[in-house]
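Computed from a predicted structure; not experimentally measured.
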Amino acid sequence: MGKVAVIMGSTSDMPVMQEAIDILEGFDIQVEVDIVSAHRTPEKLFEFSKSAHEKGIQVIIAGAGGAAHLPGMVASMSPLPVIGVPVKSRNSIDGWDSVLSILQMPGGVPVATVALDGAKNAGILAAQIIGSSDKCVLDKILMYKEGLKEKVIEGAKSIKKIK
């Protein structure tokens with residue numbers, strides 16, 4: 001099975017980032033969770049970013065609010081794909097500061113960016129990246145997508161019954 005690191009800048013990001021953890025665990029993907037602050041623990045950020053691939057991690061999901069430097073800083077030092085989750089924090093400007101900080105990366109330092117507080121989609125994307133080379137994970141993603149389709153079909157049936 002694959003292994004994904006879910007990191008965030010602060011414990012206050014955990015309620016949002018839990019959605020990524022939950023979806024990954026649902027796909028039986030091993031998850032390593034940690035607090036890594038770009039501004040308060042830069043040494044830890046450097047160590048994590050430079051060594052994550054040596055620990056078997058395949059994808060990094062990094063959530064951050066406010067200035068949201070964490071995903072980009074990790075991506076600047078790691079050879080792994082990084083998915084950024086902009087988190088609407090209490091010191092945020094409606095979350096736009098976080099979205100733009102993660103989205104507007106310079107050429108050569110990509111960060112895949114999901115919607116504001118979109119940790120669930122970050123987890124799904126990480127699983128899809130792993131699933132591109134792991135058939136067991138791919139099969140679980142196919143079943144998950146089929147389940148999404150079935151929910152829509154059942155919802156449509158229930159609406160028609162109401163009429």
Side-chain angles (χ1 to χ4, degrees), residues 1-10 12-39 42 44-89 92-145 148:
M1 276 305 140
K3 186 175 181 183
V4 174
V6 175
I7 61 172
M8 61 209 82
S10 153
S12 63
D13 300 330
M14 190 62 180
V16 169
M17 300 307 290
Q18 187 65 49
E19 291 188 29
I21 296 163
D22 293 344
I23 200 86
L24 290 163
E25 289 175 345
F27 289 129
D28 294 321
I29 294 172
Q30 187 179 353
V31 183
E32 179 180 300
V33 181
D34 204 355
I35 305 295
V36 182
S37 172
H39 301 108
K44 183 176 182 179
L45 167 74
F46 279 48
E47 170 61 28
F48 169 82
S49 301
K50 291 183 175 194
S51 66
H53 66 284
E54 296 168 351
K55 298 175 184 172
I57 293 169
Q58 296 169 282
V59 181
I60 299 168
I61 298 174
H69 289 112
L70 182 61
M73 290 301 297
V74 171
S76 75
M77 292 178 273
S78 178
L80 298 174
V82 176
I83 303 168
V85 179
V87 176
K88 185 176 180 182
S89 57
S92 184
I93 306 166
D94 288 333
W96 279 108
D97 47 347
S98 304
V99 171
L100 295 174
S101 292
I102 298 172
L103 185 65
Q104 292 296 97
M105 292 302 298
V109 187
V111 174
T113 309
V114 295
L116 185 63
D117 292 343
K120 181 177 183 177
N121 276 352
I124 295 167
L125 180 57
Q128 289 174 317
I129 291 168
I130 292 169
S132 69
S133 62
D134 183 325
K135 182 163 177 9
C136 185
V137 173
L138 180 64
D139 288 343
K140 289 176 183 175
I141 292 166
L142 289 168
M143 287 183 353
Y144 176 80
K145 298 259 182 181
L148 293 176

Shortest non-hydrogen contact between [X] and [Y], atoms and distance:
{"X": "L125", "Y": "A112", "value": "CD2-CB, 4.0 Å"}
{"X": "L103", "Y": "T113", "value": "CA-OG1, 3.7 Å"}
{"X": "A64", "Y": "D13", "value": "CA-OD2, 4.2 Å"}
{"X": "Q58", "Y": "L80", "value": "O-CD2, 3.7 Å"}
{"X": "G9", "Y": "I35", "value": "O-CG2, 3.7 Å"}
{"X": "G66", "Y": "S89", "value": "N-OG, 3.4 Å"}

Exceeds 12 heavy-atom contacts within 6.0 angstrom, atom NZ of K120: no
K135 atom NZ: more than 12 heavy-atom contacts under 6.0 Å: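 Atom NZ in K135 is not packed in, count stays at 12 or less.
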How long is the straight-line distance from [atom2] of [Y] back to [atom1] of [X], given to the nearest 0.5 Å?
{"X": "I60", "Y": "E32", "atom1": "CD1", "atom2": "CD", "value": "9.5 Å"}
{"X": "S132", "Y": "I141", "atom1": "OG", "atom2": "CD1", "value": "8.5 Å"}
{"X": "K3", "Y": "H53", "atom1": "NZ", "atom2": "NE2", "value": "13.0 Å"}
{"X": "F46", "Y": "S76", "atom1": "CZ", "atom2": "OG", "value": "7.0 Å"}

Flag, side chain of [X] to backbone of [Y], donor-acceptor distance under 3.5 Å:
{"X": "D139", "Y": "C136", "value": "no"}
{"X": "S101", "Y": "S98", "value": "no"}
{"X": "D134", "Y": "I130", "value": "no"}
{"X": "D117", "Y": "K88", "value": "yes"}

Distance-only criterion, 3.5 Å: show the donor-acceptor pairs between side-chain atoms of residues 14-31 and protein atoms not counting sequence neighbours.
from: Q18; atom 1: NE2; to: D22; atom 2: OD1; distance (Å): 2.8
from: D28; atom 1: OD2; to: K140; atom 2: NZ; distance (Å): 2.5

Working for side chain to side chain contact (heavy atoms under 4.5 Å, CB included), residues M73 and H39: CA-CA 10 Å; M73 290 301 297; H39 301 108; over 6 Å; no
Close side-chain approach of F48 to D34, heavy-atom, < 4.5 Å: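 No, their side chains stay 4.5 Å or more apart.
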Chi angles and distances behind the side chain to side chain contact (heavy atoms under 4.5 Å, CB included) call for L45, V74: CA-CA 7 Å; L45 167 74; V74 171; 3.5 Å; yes
Audit row: I83, I129, side chain to side chain contact (heavy atoms under 4.5 Å, CB included) steps and yes/no: CA-CA 11 Å; I83 303 168; I129 291 168; 4.2 Å; yes
Within residues 99-126 or reaching into it, pairs that qualify as ring pair (Phe, Tyr, Trp, His ring centres under 6.0 Å) - sequence neighbours excluded: none
